[in-house]
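Below is one structure; the comments refer to it alone.
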Amino acid sequence: MLRANEVTHHAMTPPAPSVSAAPPRTIGLYTACGIVIANIIGTGIFTSLGFQLPAIQSDFALIMLWVVGGIAALCGALCYGELSATLPRSGGEYHFLSLIYHPAVGFMAGFVSATVGFAAPIALAAMAFGKYFNGVFHLGSPVVLSFTIVWLVAIFHFGKLEIGSAFQNIWTLLKLLLIGALIFAGFIVEPKQPITFVPAHGDVSSIFTAPFAVALVYVMYSYSGWNAASYITGEVKSPGKTVPRSLLLGTGIVIALYVLLNAVFLLTTPRAEMSGQLEVGLIAGKHIFGENGGRIVGAVICLGLVSAISSMTWIGPRVTMSMGEDHWFLRLLGRKNRNGVPVFAIALQLLIVNFLLLSGKFDLVVIYIQFTLLLCSLLAVLGVIVLRLTNPELSRPYRVWSYPFPPLAFSAITIWMMIYLLRSNPRESLAGLGTAIIGLLLYFCARKRVSRAE
């Protein structure tokens, strides 16, 4: 592993042509923008509002949640864009933090990503699937349906599997069309709920309260994917211009869609019906399109959830497999069957998913995983400032716009959320922190054993 002061000599040295060739730069602005949108839009937008309504009574504050979360996501994406351009190698935080701070910190982030980083979103999507499927077809128990879908998808992935980008693009397009249809129909349907988005007395100050900070966690879960968007830097034409433009445009479009869609939910559906409910998309869909139309909306969301579960079931074990190939004590997880499938890594992820499903609490799983992921992304974003100070001579094909505002703004919002999460949900937050500490302990235990062997 490399230390931060070794970045200049090693990380930016171009690879020998005989070892590997750089990927061709074929992605233009519109494709890059589409990738940004595809990575962000997921389960959260159809589930988060129900958990925000009990604690936040102001309609203005509810909408501002999605604006503030969008700003944080945009600032984070711009920072990851600079890191990806400066340290061009796959691995995400596993790679960034190893170089910027210490290999142990990078291993900790990789351990989080390789275990709960994918398992928790799968569990969340499965919980949402169970609720939506039961709400649409009135068949089966939501809990049983959640377990059934993750097992069926995992069994499918144990065999030989090739997933093309066209499959994901189709589902992204379907989700965009669904969101567009909901927004358009929601603004013309009658009657409207008696609400206003103009700030009343005390609404602005409510943005700086603990309930707002905790509710922002669900919003950041909905925006998750902004950090994945920066990994296309090496394949983008004129990355210095195209990457920041695609991040700004793509994230800006998602912010607009999220704000408008939540406004439609609030305008068309009584708060009492959505409060504390997971399937807010289905509930609002019935108010907008009627009983049968709402079921069609719910069915489409179910299909989208299956594609999300399948995608994460496919990607997550590959991260675990990479760590198994790099570290001897995880060697079993790096083994593949005759079809090249990391069966042990898939089995481990499936085990963790089942454990999270047993909790039965969507909101608690979100808080558990988000605290740890917020910590890892915070360290990565702060790494932009650290690298600027410790290695100013590094080549930076893309630099963060308006530096240092984006990393400082993202860090302030993230630290604010983490503080209130610790105060309001200490058990789940500390459990997430404990997962990261386990990763650190594994690294140092392995290093100690290697040192003894030598």
Side-chain angles (χ1 to χ4, degrees), residues 39 41-48 111-163 167-168 171 175 218 221-222 224-225 228 278-279 281-282 298-321 333 336-337 339 341-370 372-373 428 431-432 435:
N39 274 286
I41 295 178
T43 311
I45 186 57
F46 299 110
T47 57
S48 298
F111 178 80
V112 169
S113 177
T115 53
V116 295
F118 285 95
I122 291 172
L124 293 171
M127 289 179 189
F129 174 86
K131 286 283 188 177
Y132 271 96
F133 192 93
N134 177 264
V136 171
F137 301 104
H138 303 294
L139 295 173
S141 160
V143 176
V144 174
L145 288 168
S146 299
F147 279 97
T148 301
I149 192 63
V150 296
W151 273 92
L152 287 176
V153 171
I155 290 171
F156 179 71
H157 281 276
F158 274 118
K160 187 175 183 180
L161 178 65
E162 294 179 6
I163 299 179
F167 178 80
Q168 294 301 326
W171 286 110
K175 282 186 272 191
Y218 298 101
Y221 164 66
S222 302
S224 61
L278 183 66
E279 63 275 27
L282 175 62
V300 172
I301 294 174
C302 280
L303 292 174
L305 290 171
V306 173
S307 72
I309 293 170
S310 176
S311 176
M312 289 183 286
T313 301
W314 182 76
I315 296 172
R318 269 66 182 180
V319 178
T320 313
M321 178 186 69
L333 300 177
K336 299 180 285 288
N337 65 11
N339 294 321
V341 175
V343 289
F344 291 103
I346 293 177
L348 174 64
Q349 180 173 271
L350 180 61
L351 179 65
I352 297 172
V353 169
N354 279 265
F355 176 78
L356 293 174
L357 285 175
L358 287 173
S359 72
K361 294 288 186 179
F362 184 95
D363 52 338
L364 298 183
V365 175
V366 170
I367 292 170
Y368 161 63
I369 184 58
Q370 280 297 101
T372 314
L373 295 182
E428 292 77 27
T435 303

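Keep in mind it's a predicted model, so treat the numbers as computed, not measured.
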Phe111 and Thr435, any side-chain heavy atoms less than 4.5 Å apart: yes

Hey, can you pull the donor-acceptor pairs under 3.5 Å for the side chains in residues 121-136, sequence neighbours left out?
from: Tyr132; atom 1: OH; to: Phe46; atom 2: O; distance (Å): 2.7
from: Tyr132; atom 1: OH; to: Gly281; atom 2: N; distance (Å): 2.9
from: Asn134; atom 1: ND2; to: Gly140; atom 2: O; distance (Å): 2.7

Sorted by chain and number, sequence neighbours left out, side-chain hydrogen bond (donor to acceptor under 3.5 Å, both in side chains) with Asn354 holds for Trp151

Residues passing the side-chain hydrogen bond (donor to acceptor under 3.5 Å, both in side chains) test with Ser48, sequence neighbours excluded, are Ser222

Residue pair [X] / [Y]: nearest heavy atoms and the distance that separates them:
X      : Y      : value
Val150 : Leu357 : CG2-CD1, 4.0 Å
Ile352 : Ala119 : CG2-CB, 3.5 Å
Val144 : Thr148 : O-OG1, 2.7 Å

CG (Leu373) and OH (Tyr368) are apart, to the nearest 0.5 Å, by 9.5 Å

Taken to the nearest 0.5 Å, the spacing of Leu356 CG from Leu351 CG works out to 9.5 Å

